[in-house]
*Asks:* 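Can you keep this structure in mind? I'll have questions shortly.
Residue numbers start from 1 in every chain, and the chains themselves are labelled A, B, ... in the order their sequence lines are given, proteins ahead of strands.
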Protein chains: 2
Amino acid sequence: MRIPEKRRIDIRNLIQQEKTVSVEKIAKLFNISPITVRRDLEKLQDRGLISKVHGGAIVRDSLAPEPVFKERINLYRDEKNRIAAEAAKRINDGDSIIIESGSTCQGLVKNLINKNKLKIATAGISVAGELLNLLNIKNDFEISVCGGILRAGSSIYVGPHAVSFFNSINVDKSFIGAVAISVAKGLSTATQFDAELSKAIINSGREVILLADSSKFETQSYINFMPLTQIDEIITDKALDIKIVEKIKKSGVKLTLV
Amino acid sequence: MRIPEKRRIDIRNLIQQEKTVSVEKIAKLFNISPITVRRDLEKLQDRGLISKVHGGAIVRDSLAPEPVFKERINLYRDEKNRIAAEAAKRINDGDSIIIESGSTCQGLVKNLINKNKLKIATAGISVAGELLNLLNIKNDFEISVCGGILRAGSSIYVGPHAVSFFNSINVDKSFIGAVAISVAKGLSTATQFDAELSKAIINSGREVILLADSSKFETQSYINFMPLTQIDEIITDKALDIKIVEKIKKSGVKLTLV
DNA sequence: TCAGGAATTCTCATTTAATTTCAATATAAA
DNA sequence: TTTATATTGAAATTAAATGAGAATTCCTGA
């Protein structure tokens with residue numbers, strides 16, 4: 001059974017992740033004709049979610065004038081901040097933690113200023129930059145970055161080196177973001193690289209806490225890499241659909257709405 | 001599949017990075033005709049993103065988005081640029097190289113745009129940022145970053161993880177910078193961490209090329225970690241004292257003045 | 001200031017992608 | 001089941017992108 005609307009959401013997620021995707025590629029991936037792809041893209045554009053361009057589509061803010069860009073950042077900003085602030089409460093002085101990449105996780109860094117003697121590891125390039133700033137103030141932090149291979153447009157290090165880094169460490173808590181979350185199918189990402197890395201990060205944490213705003217739920221990307229039951233706690237915003245809330249609660253995963 | 005809009009974004013990023021780019025250069029890099037380049041530049045200019053000038057285009061800085069990593073202030077800028085340009089001549093298409101951190105080495109990155117299929121590794125945080133920008137245009141590059149521990153105020157990753165990364169790779173050429181160079185005592189650094197890392201990088205290169213402006217010579221820092229004879233070639237500027245020149249030549253290390 | 005050369009613009013032909021129109025199919029509602 | 005609505009894809013039309021060559025403008029050095 002095909003659900004066009006679900007496919008559109010997945011297409012949007014793909015574009016968000018890859019920044020630029022051709023019509024041809026989408027058609028092949030979803031097994032639909034180019035004309036249907038174009039119609040999907042048009043619908044997504046009408047909703048302001050992407051920009052349709054000749055040959056495919058790009059993320060909405062990549063070449064947009066300044067004000068639009070700022071607006072986009074403010075989208076879900078409050079939610080992300082509340083989620084990050086709640087997540088920070090789970091961290092005790094002296095903890096060792098992993099912070100994944102993504103804007104919500106990056107927000108968590110700003111909430112660490114009152115903590116002491118943390119050991120923090122990350123694969124996120126901008127998270128690392130943020131942590132480097134923090135280090136000038138909190139010099140009792142030990143900050144590690146995984147290293148690995150850079151991908152164009154990506155904000156994380158990937159590859160076997162990155163994965164083996166996380167395989168070689170154990171931390172009290174892993175804070176992960178997510179591109180797409182489905183109660184039935186678990187977490188999914190656009191590429192195998194991202195999946196491998198997230199898996200390694202999840203396996204390194206004695207406790208795994210997922211940070212995601214409510215828009216990420218009941219969507220899917222390409223590679224399902226982890227059932228939701230591997231997660232210990234999900235922190236999201238109150239806008240989450242009540243049906244999804246119940247499904248998550250039934251699955252046994254602790255859910256916190258802020 | 002070509003997406004013209006994606007190419008325009010890349011062109012704009014290139015102009016942001018290089019400040020000035022010629023039509024000819026863009027045409028060659030993106031494999032398009034000069035007339036198409038001009039049409040792209042006109043579109044970008046209409047959006048207020050760049051300024052088209054005779055021969056190419058220049059940045060329009062007023063609303064420029066901030067780079068991921070801050071550029072460092074440049075003393076000896078001309079000298080460093082000449083040294084970096086000369087160093088780039090040592091690199092052939094398909095080479096694997098290591099680029100150490102430091103402003104001279106960072107300048108080398110800007111000179112890689114006409115190379116192809118390079119494998120590049122680095123420990124430098126700003127070098128990595130610069131390479132990430134480059135990757136959007138040169139997607140046949142494979143860029144690895146070592147990872148490791150961050151230190152406040154430092155621009156490299158250090159620690160056993162960083163050292164073991166370089167111990168596990170072999171490259172055609174290592175380009176290293178230097179804090180202090182003495183013909184008699186060799187290279188020295190301020191901390192044991194930096195020394196260990198530089199040692200690993202030097203040992204990983206079949207050929208080791210030292211880039212340093214003339215102010216670095218006949219100075220010493222805290223830890224001597226490597227005799228000068230381990231270096232294959234030194235590239236520096238013409239202001240280097242003639243006595244030092246002779247001493248280096250006598251030591252058997254190839255010296256190039258630019 | 002002027003000439004020669006380079007860069008740019010203009011016009012046109014070709015290729016490729018996007019849109020429109022129409023018919024068929026699937027899904028949802030009565 | 002029947003009807004209405006949405007989705008899909010094929011074919012034809014329209015639009016966009018590209019590059020070549022001629023005409024024009026800009027730049028540089030005498």
Side-chain angles (χ1 to χ4, degrees), chain A residues 1-16 18-60 62-65 152-153 182 184 218-222 241 243, chain B residues 1-16 18-60 113-114 136-140:
Chain A
M1 181 179 60
R2 296 170 112 179
I3 298 171
E5 191 52 36
K6 184 156 189 57
R7 182 189 61 219
R8 280 175 211 126
I9 292 167
D10 291 342
I11 289 175
R12 182 203 151 223
N13 287 339
L14 177 68
I15 295 164
Q16 284 286 336
E18 305 264 308
K19 311 298 178 201
T20 314
V21 189
S22 70
V23 167
E24 196 185 19
K25 184 173 177 182
I26 297 171
K28 217 184 275 178
L29 276 170
F30 289 87
N31 238 340
I32 52 176
S33 71
I35 178 65
T36 303
V37 173
R38 291 192 186 99
R39 280 193 273 238
D40 280 353
L41 293 179
E42 196 175 357
K43 284 202 176 76
L44 290 169
Q45 184 173 44
D46 288 346
R47 296 175 206 167
L49 296 168
I50 61 153
S51 287
K52 207 157 148 300
V53 296
H54 196 98
I58 59 176
V59 287
R60 204 172 72 107
S62 59
L63 253 191
S182 153
E218 291 314 271
T219 63
Q220 270 180 264
S221 194
Y222 292 98
D241 191 292
K243 285 177 200 155
Chain B
M1 160 69 105
R2 292 173 117 176
I3 297 176
E5 192 57 32
K6 157 79 172 150
R7 183 189 58 222
R8 281 175 212 125
I9 294 168
D10 289 343
I11 289 175
R12 187 201 62 163
N13 288 340
L14 176 68
I15 295 165
Q16 286 286 336
E18 305 260 313
K19 309 302 176 202
T20 314
V21 188
S22 71
V23 167
E24 192 189 19
K25 188 170 181 179
I26 296 170
K28 213 160 109 189
L29 277 171
F30 291 90
N31 237 339
I32 53 175
S33 71
I35 179 64
T36 303
V37 173
R38 290 190 187 99
R39 280 192 272 237
D40 280 353
L41 294 178
E42 195 174 357
K43 285 202 176 77
L44 291 169
Q45 181 171 251
D46 288 347
R47 296 176 206 168
L49 296 167
I50 61 153
S51 288
K52 208 156 149 296
V53 294
H54 195 96
I58 57 173
V59 285
R60 253 204 62 169
I113 195 128
N114 293 313
N136 289 318
I137 301 151
K138 308 296 292 184
N139 54 18
D140 58 345

*Asks:* Shortest non-hydrogen contact from Ser33(B) to Ala27(B)?
*Replies:* C-CB, 4.3 Å
*Asks:* Given atom CG of Asp40(B) and atom C1' of dA16(D), what is their separation to the nearest angstrom?
*Replies:*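 Those two atoms, CG and C1', are 12 Å apart.
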*Asks:* For Lys25(B) and dA6(C), give me the distance from atom NZ to atom P, rounded to whole Å.
*Replies:* 21 Å
*Asks:* Let's see if you can work this out: which of dG9(D), dT8(D), dT18(D) has an atom nearest to the side-chain heavy atoms of Ser33(A)?
*Replies:* dG9(D)
*Asks:* Return each pair, listed once, that meets side chain to side chain donor-acceptor pair (under 3.5 Å) where at least one residue sits in residues 21-31 of chain B; pairs must be two or more places apart or across chains.
*Replies:*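 Those involving residues 21-31 of chain B are Glu18(B)-Lys25(B).
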*Asks:* Any N/O pairs under 3.5 Å between the protein and nucleotides 28-30 of chain D? List them or say none.
*Replies:*
none

*Asks:* Tell me whether the side-chain N/O atoms of Thr36(B) come closer than 4.0 Å to OP1 or OP2 in dA17(D).
*Replies:* no
*Asks:* Let me confirm one number: the CD1-CZ distance from Ile35(B) to Arg38(B), rounded to the nearest 0.5 Å.
*Replies:* 6.0 Å
*Asks:* For the pair made of CD1 in Ile32(B) and C1' in dT15(C), what is the distance, rounded to whole Å?
*Replies:*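 Rounded to the whole Å, the gap is 16 Å.
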*Asks:* Which whole-number value in Å describes the distance from Ile26(B) CD1 to dG19(D) P?
*Replies:*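 The answer, rounded to whole Å, is 14 Å.
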*Asks:* Would you write the dot-bracket representation of DNA chain C, where each base gets (, ), [, ], | or . depending on whether it forms a Watson-Crick or G-U pair under 3.5 Å and with which partner?
*Replies:* ||||||||||||||||||||||||||||||
*Asks:* Can you tell me the distance, in whole Å, between the CD atom of Glu5(B) and the P atom of dA17(D)?
*Replies:*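 The distance from CD of Glu5(B) to P of dA17(D) comes to 8 Å, rounded to the nearest Å.
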*Asks:* To check you understand the geometry: which heavy-atom pair defines the closest contact between Ala57(A) and Ile50(A), and what is its length?
*Replies:* CB-CD1, 3.8 Å
*Asks:* With sequence neighbours excluded, tell me which residues meet side chain to side chain contact (heavy atoms under 4.5 Å, CB included) with Asp241(A).
*Replies:*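 Side chain to side chain contact (heavy atoms under 4.5 Å, CB included) check on Asp241(A) returns Lys243(A), Ile244(A).
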*Asks:* Mind checking what makes salt bridge (charged side-chain N to carboxylate O under 4.0 Å, His left out) contact with Asp10(B), not counting sequence neighbours?
*Replies:* Lys6(B)
*Asks:* Tell me every residue that passes side-chain hydrogen bond (donor to acceptor under 3.5 Å, both in side chains) with Lys52(A), counting only those two or more places apart in sequence or in another chain.
*Replies:* none
*Asks:* Rounded to whole angstroms, how far apart are NZ on Lys6(B) and P on dA17(C)?
*Replies:*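 Spelled out: NZ on Lys6(B) to P on dA17(C) is 18 Å.
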*Asks:* The criterion is side chain to side chain contact (heavy atoms under 4.5 Å, CB included); which residues satisfy it with Thr20(B), sequence neighbours excluded?
*Replies:* Ile58(B)
*Asks:* Hey, is Arg39(B) close enough to Glu42(B) for a salt bridge, meaning N to O under 4.0 Å?
*Replies:*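 Between Glu42(B) and Arg39(B) there is no salt bridge, as every charged N stays at least 4.0 Å from the carboxylate O atoms.
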*Asks:* For Arg7(B), what residues pass the side chain to side chain contact (heavy atoms under 4.5 Å, CB included) criterion, not counting sequence neighbours?
*Replies:* Pro4(B), Ile11(B), Phe30(B), Ile32(B), Thr36(B), Asp40(B)
*Asks:* Do the non-hydrogen side-chain atoms of Leu29(B) and Lys138(B) ever get within less than 4.5 Å of each other?
*Replies:* yes
*Asks:* Nearest whole angstrom, please: distance from the P of dA18(C) to the CD of Glu24(A).
*Replies:*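 Going from CD in Glu24(A) over to P in dA18(C) covers 10 Å.
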*Asks:* Measure the distance from CZ on Phe30(B) to P on dT18(D) and round it to the nearest whole Å.
*Replies:*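 From Phe30(B) CZ to dT18(D) P: 12 Å.
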*Asks:* Where along nucleotides 8-14 of chain C does protein come under 4.0 Å, by heavy atom, of base (B) or sugar-phosphate alone (S), with - for untouched nucleotides?
*Replies:* BBB----
*Asks:* Using a cut-off of less than 4.0 Å, is there contact between a side-chain N or O of Arg7(B) and OP1 or OP2 of dT18(D)?
*Replies:* yes
